[in-house]
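In this text, all values refer to a predicted model and were calculated from it rather than measured experimentally. First listed ligand is number 1; within each ligand, the first listed atom is number 1. Just so you know, these numbers use all the heavy atoms, side chains as well, and skip hydrogens, waters and symmetry mates. Here, residue 1 is the first one in the sequence, and each next residue gets the next number.
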Amino acid sequence: MQQAVVVKSPKAPFTLESLPIPTPAKGEILVKIHSVALNPISWRQRAFDVLVDEYPVVLGSDVAGVVEQVGEGVQGFKKGERVFAGLLHGGFQQYVAFPVAIALRIPDNITYDQVSTFPVAFPTACVGLFAPAPIGIGLNPTFSWDKPQRGESALVIGSGSVAQFAIQLLKFLGFTRIIAYASLRHEAYLRELGATDVVDRTAVPLEELVVSPPVKVVYDAVGSGFKTACECVVDGGSIVTVSPMPISLPTGKTVAVSQVQGYYYGPDVVGPKRNDVVGYLAVPEHTTFGKVVMRELPELLAKGVVVANPVEVLPNGVAGVIEGLERLQKGSVSGVKLVAHP
Ligand SMILES: NC(=O)c1ccc[n+]([C@@H]2O[C@H](COP(=O)([O-])OP(=O)(O)OC[C@H]3O[C@@H](n4cnc5c(N)ncnc54)[C@H](OP(=O)(O)O)[C@@H]3O)[C@@H](O)[C@H]2O)c1
């Protein structure tokens, strides 16, 4: 048996329960989870009953750990290897079984805590910026390392996990002006990642933010910044937003938009068990570009080209997830990714 944080029915509280350790099915690996990172989506799944296909459910997406057992037909991974993955759910427990097709190997130079910050937030930044339409704005569909957007300008709204990866990827693309709209306490760190300018979000309300001259790309990493993004982007430019809500395109400007979904695989690889799950918007194109992400991400990590989010480790093993999600829901987490050690 193992400990797990469970939601027993729609909108029920998170509770600590004892559950059987799963057995890996054909094509699956069983992973002993060392680190699981918390994302805003996890509290939203419970609070709004979205992206859940059956109850009781163990939520939690960003897992890193060790292969404990391989299921029938699994090739390329063996017991004892360090892996990480982004799951639809199953991370808030001590052991999880998932298809080997979505597992990535952890490079030697990176810890479980560090790598657990990547699986949801990194594809959210990378798919939105790099992948071709309809899932991204197509800045680097072949994943060139040769700075294909050299000299361009961008605005990133936010300073959290997704924003930190977006800033690093814009730098990787060769952008030479990267404006971050963020709290000034994050200024030094965001500049380390690649921001060239930081606009204090406590001094300038989001609705009043103006950048001059307008930028080629805006990444709205908070979800409430689409209107501002439309004001700040140049005619012919592009916007990525993390918001799935309906949007109104600007008048008088032609703008390419991605309402990004942070998946590196689509329903053809792993989807929910039912096809009517509210909020599940992955498409087969996520699998196509996801293969590129799975190929390139370990190398980006090994070479230190993209670094992990700063981490705060929660106390109390898997039970620590409950307090961490409460803090995320209250909006009282700033500049760090919360990570639990199941
Ligand atoms: N569409 C997708 O597939 C997808 C995937 C992942 C995440 N998301 C969404 O993307 C958003 C960000 O996720 P995350 O993981 O990066 O969250 P996070 O790490 O928790 O970052 C949130 C931070 O953003 C900053 N912030 C909040 N409002 C802001 C504003 N108006 N302007 C500038 N900064 C602001 C705050 O920093 P300070 O308080 O320190 O200023 C806050 O701590 C969430 O809404 C999440 O649900 C969507």
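Not close to ligand 1: Gly223, with no non-hydrogen atom less than 4.0 angstrom away. For Ser159, the closest heavy-atom approach to ligand 1 falls below 4.0 Å. Within the 4.0 Å heavy-atom shell around ligand 1 one does not find Gln259. Residue contact annotation: Ala121 has no non-hydrogen atom under 4.0 Å from ligand 1.
Side chain to side chain, Asp113 and His34 fail the donor-acceptor criterion of an N or O pair below 3.5 Å. Checking Asn309 against Tyr189 by side-chain atom types alone, no donor-acceptor pair falls below 3.5 Å. Remark: the Ser144 side chain and the Asp146 side chain contain no N/O donor-acceptor pair separated by less than 3.5 Å. No side-chain donor-acceptor contact under 3.5 Å links Ser61 and Asn39. For Glu299 and Trp145, the side-chain atoms include no donor-acceptor pair closer than 3.5 Å. Counted by atom type alone, Arg185 and Ser159 present zero donor-acceptor pairs between their side chains at under 3.5 Å. A donor atom on one side chain and an acceptor atom on the other are found under 3.5 Å apart for Gln93 and Gln2.
Closest to atom 12 (C) of ligand 1, if we only count protein heavy atoms, is Ala221 O, 3.1 Å. Here the heavy atom of the protein found nearest to atom 47 (O) of ligand 1 is Arg44 NH1, 2.4 Å. When only non-hydrogen protein atoms are considered, atom 4 (C) of ligand 1 lies nearest to Thr124 CG2, 3.8 Å. The nearest heavy-atom contact from the protein to atom 48 (C) of ligand 1 is Val242 CB, 3.7 Å. For atom 7 (C) of ligand 1, the nearest protein heavy atom (residue, atom name, distance) is Val162 CG2, 3.9 Å. In terms of protein heavy atoms, atom 15 (O) of ligand 1 is closest to Pro40 CD, 3.5 Å. Looking only at heavy atoms of the protein, atom 43 (O) of ligand 1 is closest to Val333 O, 3.0 Å. Of the protein's heavy atoms, Ser183 OG, 2.3 Å lies nearest to atom 41 (O) of ligand 1.
Remark: ligand 1 atoms within the under-4.0 Å shell around heavy atoms of Gly262 are 2 (C), 3 (O). Atoms of ligand 1 found under 4.0 Å from any heavy atom of Gln261 (numbered from 1 in listed order, with element): 3 (O). Set against the non-hydrogen atoms of Arg185, the atoms of ligand 1 under 4.0 Å away are 38 (P), 39 (O), 40 (O). Near His186, meaning under 4.0 Å from one of its heavy atoms, ligand 1 places the atoms 38 (P), 40 (O).
The residue Asn309 has no part lying near ligand 1, judged by heavy-atom distances below 4.0 Å. Counting heavy atoms closer than 4.0 Å to ligand 1, residue Tyr181 contributes atoms from both its backbone and its side chain.
Using cut-offs of 30° and 60° for the angle between ring planes, the Phe172 and Phe143 rings count as tilted. Below 30°, between 30° and 60°, or above 60°: for Phe92 and Phe14 the angle between ring planes is above 60°, a perpendicular geometry.
Ligand 1 has a nitrogen or oxygen under 3.5 angstrom from a nitrogen or oxygen of Arg201. Between Val260 and ligand 1, at least one pair of N/O atoms sits closer than 3.5 Å. In terms of polar-atom proximity, Gly335 is not counted as a contact of ligand 1, lacking any N or O under 3.5 Å from an N or O of the ligand. Considering backbone and side-chain N/O atoms, Lys337 never comes within less than 3.5 Å of an N/O atom of ligand 1. The distance criterion of under 3.5 Å between nitrogen or oxygen atoms is not met by Val120 with respect to ligand 1. The N/O atoms of Ser334, backbone and side chain alike, include one that comes under 3.5 Å of an N/O atom in ligand 1.
In this structure, Phe118 has its ring center closer than 6.0 angstrom to the ring center of Phe165.
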Evaluate the criterion salt bridge (Lys or Arg N to Asp or Glu O under 4.0 Å) for residue pair Glu68 and Lys32; output intermediate values, then yes/no.
-> CA-CA 6 Å; Glu68 189 72 15; Lys32 181 178 184 178; 5.6 Å; no
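At least one cation-pi condition fails for Lys330 and Trp43: the charged atom is not both under 6.0 angstrom from the six-membered ring centre and inside a 45 degree cone around its axis.
Looking only at distances, no side-chain donor or acceptor of Gln149 sits under 3.5 Å from a matching main-chain atom of Gly174.
For Asp108, the CG atom is loosely surrounded, since the number of other residues' heavy atoms within 6.0 Å does not exceed 12.
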